[in-house]
Amino acid sequence: MERTKVVVCGATGMVGQIYVAMLSDHPWFELVGVAASERSAGKQYGDVARWYIQGDIPARARNMTILPCTADAIAATGATLVFSALPSDVAGPVERSLADAGVAVVADTASHRMDADVPLIVPEVNADHLEALSLQRKGGKRGFIVTGPNCSTAGLVLSLKPLQLAFGIRRVIVVTMQALSGAGYAGVPSMAIIDNLIPYIKGEEEKMECETQKMLGSWMDGAFQPANIPVSASCNRVAVLDGHTESVLVELDRPASPEEVESVMRSFQGEPQRLHLPTAPDHPILVRSESDRPQPRLDRLAGEPARARGMAAVVGRVRSDPAFATGIKYTVLSHNTIRGAAGNAVLTAELLAAKDLL
């Protein structure tokens, strides 16, 4: 099959670099451009991108000239798909202008997540929400925006979906221990986080609460219907490089033993697995039996095959909760910049391609 030509906007940042790395040898997508701010435009990517991630800058990207994030510049590359990792203060209008110009935009930014016509997707959880693209494509428009959730929401909803399907969910209480990379390279000063924990991340709790309800809800009668599941989140920044760890308490609609919960999580699969998408992990949820797992350093790159490393959520410590008759609690770990950002977006684009929506 002919590969789809793609551009990464915000390519010099931490998440943008993961896009560049993941797309450098992608079987379905051809990276034809990297775009960033006006101060970087016109320079060589290898000269500007301070490479944060393991390994070297892919050779093809190293010599690319950085483009401005404009429809004209991107159209000149022949790209029909843009991945957006732009800063939140500029992402909204740029993404909308690209979609208006006929480009498919897959974003992990927050700007359009709660828009009434924009799907908020983790592909295993709510692939059916892509039906909402019919609203954006009225009148024969080709361009659209699809978003992914906050990095802390991604692992949470992935672990909740099989429980919702099998047992029903009444409420969710989650406490996060979030990695530093979620704030970007310069996001948390070293003097603030060494020998410390910061029990506040601006806007994070609100995002987790409303995004979870949108994603576990339905698309019905031309509108998103949020799930009637109260979600309470408390978010903390901890001195971990990559991997968000979350302690989750779920009140189910009906009783279930820890063994039953583990079983439905282990067997859970979604559209990416059924369609054998390139970046889909064979098992999107891995359940550990050890009493002290998951741990970020040991489990953040979980997922097979190799292209899916970091795409599986790892669950452990599944147990009954004494405060609720139908309570289950567990720990879930997911890689925040892969499953929680760039990897999830690449998988979403693969799903769009498989459904002939690009």
Worksheet, complete the sentence: What one should report as the nearest heavy-atom pair of Gln136 and Pro119 is NE2-CD, 3.9 Å
Discussion item. Any side-chain to backbone donor/acceptor pair from Asn126 onto Leu120? Under 3.5 Å, distance only.
Written reply: yes
Worksheet entry | Arg254, CZ: over 12 other non-hydrogen atoms inside 6.0 angstrom | yes
Worksheet item: Would you call Gln178 and Glu246 a side-chain contact if the rule is heavy atoms closer than 4.5 Å?
Response: no
Discussion item. When you measure from the side chain of Asn336 to the backbone of Gly243, do you find a donor-acceptor pair of N or O atoms at a distance under 3.5 Å?
Written reply: yes
Worksheet item: So, the side chain of Arg237 versus the backbone of Ala179: is there a donor-acceptor pair under 3.5 Å, distance only?
Response: yes
Item to complete: Check whether any side-chain heavy atom of Ser320 lies under 4.5 Å from a side-chain heavy atom of Ser257, and answer yes or no.
Response: no
Fill in: Residue pair Thr153 / Met215: nearest heavy atoms and the distance that separates them
CG2-SD, 4.3 Å
Practice prompt. Using atom types as modelled and distance alone, determine if a side-chain donor or acceptor of Lys214 lies under 3.5 Å from a backbone N or O of Arg113.
Written response: yes
Worksheet entry | Side chain proximity check, Arg60 to Met64, heavy atoms < 4.5 angstrom | yes
Discussion item. I need the Glu290 CD to Arg317 CZ distance, nearest 0.5 Å.
Written reply: 12.5 Å
Discussion item. Within this structure, what is the SG-CD1 distance for the pair Cys235 and Ile198, rounded to the nearest 0.5 Å?
Written reply: 13.0 Å
Worksheet item: Hey, what do you get for CE (Met114) to CD (Glu211), rounding to the nearest 0.5 Å?
Response: 7.0 Å
Worksheet item: Are Leu249 and Arg171 side-chain neighbours, meaning at least one heavy-atom pair lies under 4.5 Å?
Response: no
Worksheet item: Is any side-chain heavy atom of Gln273 closer than 4.5 Å to a side-chain heavy atom of Pro281?
Response: yes
Fill in: Contact summary for Pro305 and Asp282, nearest pair of heavy atoms
CD-OD1, 3.7 Å
Discussion item. Between the side chains of Arg62 and Asp56, is the shortest nitrogen-to-carboxylate-oxygen separation below 4.0 Å, so that they form an ion pair?
Written reply: no
Worksheet item: Looking only at atom types and distance, does a side-chain atom of Thr212 sit under 3.5 Å from a main-chain N or O of Met208, one as donor and one as acceptor?
Response: yes
Discussion item. Any salt bridge linking Arg274 with Glu271? Criterion: basic side-chain nitrogen under 4.0 Å from a carboxylate oxygen.
Written reply: yes
Worksheet item: Hey, is Arg96 close enough to Asp115 for a salt bridge, meaning N to O under 4.0 Å?
Response: yes
Discussion item. Test of understanding: with ring-ring contact (aromatic ring centres under 6.0 Å, His included), list the residues that count as partners of Phe268, not counting sequence neighbours.
Written reply: none
Worksheet item: Any idea how Phe224 and His129 line up, ring-wise: parallel (<30°), tilted (30 to 60°), or perpendicular (>60°)?
Response: tilted
Fill in: Spacing of Ile201 atom CD1 and Asn236 atom CG [to the nearest 0.5 Å]
7.0 Å
Worksheet item: Any donor and acceptor pair, going by atom type alone, linking the side chain of Arg339 with main-chain N or O of Ser334 inside 3.5 Å?
Response: no
Worksheet entry | Leu358 side chain near Trp28 side chain, heavy-atom distance below 4.5 Å | no
Worksheet item: Where is the tightest heavy-atom contact between Gln164 and Leu216, given as atom of each residue plus distance?
Response: NE2-O, 2.9 Å
Worksheet item: Between the main-chain N or O of Gly92 and the side-chain N or O of Ser111, is there a donor-acceptor pair closer than 3.5 Å?
Response: yes
Discussion item. Looking at every heavy atom in both Met22 and Thr279, which two are closest together, and how far apart are they?
Written reply: CE-CG2, 3.8 Å
Worksheet, complete the sentence: Per side-chain contact (heavy atoms from CB on, under 4.5 Å), Thr147 is matched among Asn344, Val118, Ile121 by Val118
Discussion item. If you apply the rule side-chain contact (heavy atoms from CB on, under 4.5 Å), what do you find for Asp253 with Thr326, and how did you get there?
Written reply: CA-CA 7 Å; Asp253 279 343; Thr326 58; over 6 Å; no
Worksheet item: Do Gln44 and Thr65 have side-chain N/O donor and acceptor atoms under 3.5 Å apart?
Response: yes
Item to complete: Evaluate the side-chain proximity of Tyr45 to Val20: yes if any heavy-atom separation is below 4.5 Å, no if none is.
Response: yes
Item to complete: For the pair Phe29 and His26, name the ring-plane relationship: parallel under 30°, tilted 30 to 60°, perpendicular over 60°.
Response: parallel
Discussion item. Is it true that, when you exclude Arg266 itself, more than 12 heavy atoms of the residues, nucleotides or ligands shown sit nearer than 6.0 Å to its CZ?
Written reply: yes
Discussion item. Between Gln225 (side chain only) and Ser218 (backbone N and O only), is there a donor and an acceptor less than 3.5 Å apart?
Written reply: no
Fill in: Neighbour count above 12 (heavy atom, 6.0 Å) for His283 NE2
no
Practice prompt. Measure the shortest side-chain to side-chain distance between Tyr19 and Leu31 over non-hydrogen atoms and say whether it is less than 4.5 angstrom.
Written response: no
Worksheet item: Any side-chain donor-acceptor pair under 3.5 Å between Ser152 and Asn150?
Response: yes
Worksheet item: Is the number of heavy atoms from other residues, nucleotides or ligands under 6.0 Å of Asp128 CG greater than 12?
Response: yes
Discussion item. Could you measure the distance from the CE atom of Met265 to the CG atom of Leu158? Nearest 0.5 Å is fine.
Written reply: 9.0 Å
Worksheet item: Taking Glu124 for the side chain and Pro284 for the main chain, is one N or O donor matched with an acceptor at less than 3.5 Å?
Response: no
Worksheet item: Of the non-hydrogen atoms in Leu130 and Leu351, which two are nearest, and what is the gap between them?
Response: CD1-CD2, 3.7 Å
